[in-house]
Amino acid sequence: MFVNELKSASRWFATGLLVACTWGTALPTATAEQLVLDVGASNPTMLADEKQTNFIRISLTGFDVPESQSRPPVNTAIVIDQSGSMGGHKIDQARNAAIEAVRRLKDDDIVSIVLYSDSATVLVPATKATDRESIIEKIQSVKAGGSTALFAGVSKGAAEVRKFLDSDSVNRVILLSDGQANVGPKSPRELEQLGASLVKEGISVSTLGLGLGYNEDLMSRLAAAGSGNHLFVKQAADLVAVFQQEFNDLMSVVATDFEIHAKIGEGIRPVRVLNTKADISGQDIYIPLAQLYARQQRYFVIEVEVDPGQSGSKRAMADVTISYQNMLSKTTDKLSSNIEVRFSDDAKLVEKNRDKETYAFCAIQIANEKNVRATALRDAGKVKEAQDLLRANCETLEKVESDYGVWLDVELVKEVKRNALLNRDQSLIIQDPTKWNYSRKAMRYEQTNNAAQQQYRVDAPETAKSK
């Protein structure tokens, strides 16, 4: 989801370093209906008699929507910042973007328009999009002026979505802002909590940050917790195009309402899920996911600590169960798979069994965490340390491509290359203090979208490379 301005800028911003990541051969794929579940370990064969770190990858791939099949209905609230800073060209483009979005809706879609400045007001209550001209006429009356009650705006938008909340619809709040939240709750943590609570209701949140004055930490964390998209729009002139991209995603959702549960085996300790706020309780991991797009591959990397095992023995690593709402069949579908680890004192066998695909996916996600750390270093004025980290990240990602690219899917190779290039360019750009505000926003954009794999699309499962 790149606008023209961002396409060139995003070359600067990447994801960083792979450390201590082992990998192994992929396991068979399990399918239910039209989604594909793949569970793999970065190293399914491990050295015996050593306590080690390993990584489990849970991957879901969406299917293509046939041309003959109608898309699921949309239930969306468009929440527009009309504070004083949005005056002039910005509010003009915001109106145009909202109008073009409304024109794309079908008669059975639900739309509401919420405005916020000092407080939040409902311009168009949640309604079917049958009378588009009346809705558009109201949008054309929007003017700018006042403060920025961002929390209230999102809350009011969610209230409108709730009026027609339906598991068979794609339920989403789309927030546009160019400024800092300065009325009501305003911290990134408070907005993140709001997004997480809405996901539990089946409502996702996407955020569009316009210009260089908005709070990218707040907007990116709200979108990440809200299982939506976060976009950085430098120029108001790009706003219509970005809205169109957001609605492309909104209209391509193929599955929602996920319950992802990984039961980790005995003798293995779950440490964390990279770049995802998962719920870990003992051996059980519950991973949040609101929706999956057509042809999107969404994966989660779990870091685990494995107790020593005797050579020749094996151990259950994880049992994975997933349920979701299939938006085309209108059914609740279930997927399941499991994985185990074997132990060997043959280092060459461990090397031979490494899964290059899981390794590359793992590299991207660990790199993303390193990129977040580099941002924090730059914030603290430690430019040299941030640059060293980013350069090392680039070298590691380039080595992943060099060593394993020939075995990887073409789209995955592109992602590794893209991240290596962005990471390298970013290491140069961050030293310029006059560009740091812009650079930081684009960094957050890349970090959020890498964590959610928003850019990554693959062939439909039936044409995907055999594992």
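Each residue takes its place number in the sequence, starting with 1. As the structure is a computational prediction, the values presented were derived from the model and not from experiment.
Using cut-offs of 30° and 60° for the angle between ring planes, the F361 and Y299 rings count as tilted. Using cut-offs of 30° and 60° for the angle between ring planes, the W407 and Y404 rings count as tilted. Classified by interplanar angle (parallel below 30°, tilted 30° to 60°, perpendicular above 60°), the ring pair Y214/F232 is tilted.
Between H230 and the choices T448, T207, N449, the side-chain hydrogen bond (donor to acceptor under 3.5 Å, both in side chains) rule is met once, by T207. When each of L218, V79, L150 is tested with S177 by the rule side-chain contact (heavy atoms from CB on, under 4.5 Å), just one qualifies, namely L150.
Atoms CD and CZ, from E401 and R418 in turn, are 13.5 Å apart once rounded to the nearest 0.5 Å. In this structure, L208 CG and D238 CG are separated by 11.5 Å, a value rounded to the nearest 0.5 Å. Between atom CE of residue M251 and atom OG1 of residue T76 there is a gap of 9.0 Å, rounded to the nearest 0.5 Å. Distance check: N353 CG to T45 OG1 gives 3.5 Å after rounding to the nearest 0.5 Å. Here the CD1-CZ distance, from I174 to F247, works out to 4.0 Å after rounding to the nearest 0.5 Å. N171 CG to T256 OG1: the interatomic distance, rounded to the nearest 0.5 Å, is 8.0 Å.
Without hydrogens or angle criteria, Q296 side chain to Q453 main chain gives a donor-acceptor distance under 3.5 Å. Looking only at distances, a side-chain donor or acceptor of R104 sits under 3.5 Å from a matching main-chain atom of Q244. Side-chain atoms of Q365 do not come within 3.5 Å of backbone N or O of A363 as any donor-acceptor pair. Not one N or O on the side chain of Q283 forms a donor-acceptor pair closer than 3.5 Å with the backbone of K263. For the pair K441 (side chain) and L212 (backbone), a donor-acceptor distance under 3.5 Å is present. Here the side chain of Q431 pairs a donor or acceptor atom with the backbone of L428 at under 3.5 angstrom. In this structure, D64 contributes its side chain and A294 its backbone to no donor-acceptor pair below 3.5 Å. In this structure, the side chain of E100 does not engage the main chain of A241 through any donor-acceptor pair within 3.5 Å. A donor-acceptor pair under 3.5 Å is absent between the side-chain atoms of S402 and the main chain of E398, judged by distance alone. In this structure a side-chain-to-backbone donor-acceptor pair under 3.5 Å is missing from S281 to D284.
Closest approach of L165 to G202, counting heavy atoms only: CD1-O, 4.4 Å. Here the closest heavy-atom approach between residue I58 and residue A262 is recorded as CD1-CB, 4.1 Å. Between C394 and A420, the shortest heavy-atom distance links the atoms SG-O, 3.3 Å. Residues S344 and L349 come closest through the heavy atom pair OG-CD2, 3.7 Å. Taking every heavy atom of both residues into account, A360 and V416 meet most closely at CB-CG2, 4.3 Å. When all heavy atoms of A278 and P288 are compared, the closest pair comes out as CA-CD, 4.1 Å.
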Residues I78, F243; criterion side-chain contact (heavy atoms from CB on, under 4.5 Å); working and verdict: CA-CA 10 Å; I78 300 174; F243 249 76; 3.9 Å; yes
task: Before giving the answer on salt bridge (charged side-chain N to carboxylate O under 4.0 Å, His left out), spell out for R172 and E246 the whole-Å C-alpha distance, their side-chain angles and the decisive distance to 0.1 Å.
output: CA-CA 11 Å; R172 181 172 298 181; E246 171 62 20; 2.7 Å; yes
task: Check the pair I260 / L60 against side-chain contact (heavy atoms from CB on, under 4.5 Å), numbers first and verdict last.
output: CA-CA 11 Å; I260 303 175; L60 285 161; 4.2 Å; yes
task: Just do the salt bridge (charged side-chain N to carboxylate O under 4.0 Å, His left out) check on E411 and K414 with the steps written out, would you?
output: CA-CA 5 Å; E411 294 302 317; K414 287 180 181 178; 3.4 Å; yes
message: Apply side-chain contact (heavy atoms from CB on, under 4.5 Å) to residues I287 and L289 and explain how you reach the verdict.
response: CA-CA 7 Å; I287 301 173; L289 179 62; 5.7 Å; no
Criterion salt bridge (charged side-chain N to carboxylate O under 4.0 Å, His left out) on R440 and D217, from CA distance to verdict: CA-CA 10 Å; R440 195 180 192 281; D217 291 341; 3.0 Å; yes
task: May I have the step-by-step check of side-chain contact (heavy atoms from CB on, under 4.5 Å) for Q325 and D168, ending in yes or no?
output: CA-CA 8 Å; Q325 178 76 7; D168 288 335; 2.8 Å; yes
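No side-chain heavy atom of N419 sits less than 4.5 Å from a side-chain heavy atom of N371. At a threshold of 4.5 Å between non-hydrogen side-chain atoms, the residues L176 and L239 count as touching. Within the 4.5 Å cutoff, the side chain of M46 has heavy atoms near those of the V306 side chain. Taking the side chain as every heavy atom from C-beta outward, N368 and L274 never approach each other to under 4.5 Å. Within the 4.5 Å cutoff, no side-chain heavy atoms of D409 are placed close to those of E415. No side-chain heavy atom of D257 sits under 4.5 Å from any side-chain heavy atom of M327. Counting only heavy atoms from C-beta outward, the side chains of L175 and M219 approach each other to under 4.5 Å. Taking the side chain as every heavy atom from C-beta outward, D38 and T61 never approach each other to under 4.5 Å.
A 6.0 Å sphere centred on NZ of K106 holds more than 12 heavy atoms belonging to other residues, nucleotides or ligands. Counting heavy atoms of neighbouring residues, nucleotides and ligands inside a 6.0 Å radius, atom CZ of R373 does not exceed 12 of them. Few gaps surround CD on E50; more than 12 heavy atoms of other groups in view lie less than 6.0 Å from it. Other residues, nucleotides and ligands contribute more than 12 heavy atoms inside 6.0 Å of the NZ atom of K330.
In summary, D346 and K352 do not engage in a salt bridge, as defined by a charged side-chain N under 4.0 Å from a carboxylate O.
No donor-acceptor contact under 3.5 angstrom links the side chains of S220 and Q447, judged on distance only. Side-chain contact, N215 with R221: no donor N or O sits under 3.5 Å from an acceptor N or O. Side-chain atoms of N75 and S169 include no donor-acceptor pair closer than 3.5 Å.
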Side-chain donor-acceptor pairs under 3.5 Å in residues 311-321, sequence neighbours left out?
unit_1, atom_1, unit_2, atom_2, d
S311, OG, D345, N, 3.4
S313, OG, Q310, N, 3.4
S313, OG, Q310, O, 2.6
R315, NH1, G267, O, 3.2
R315, NH1, D307, O, 2.9
R315, NH2, P308, O, 3.1

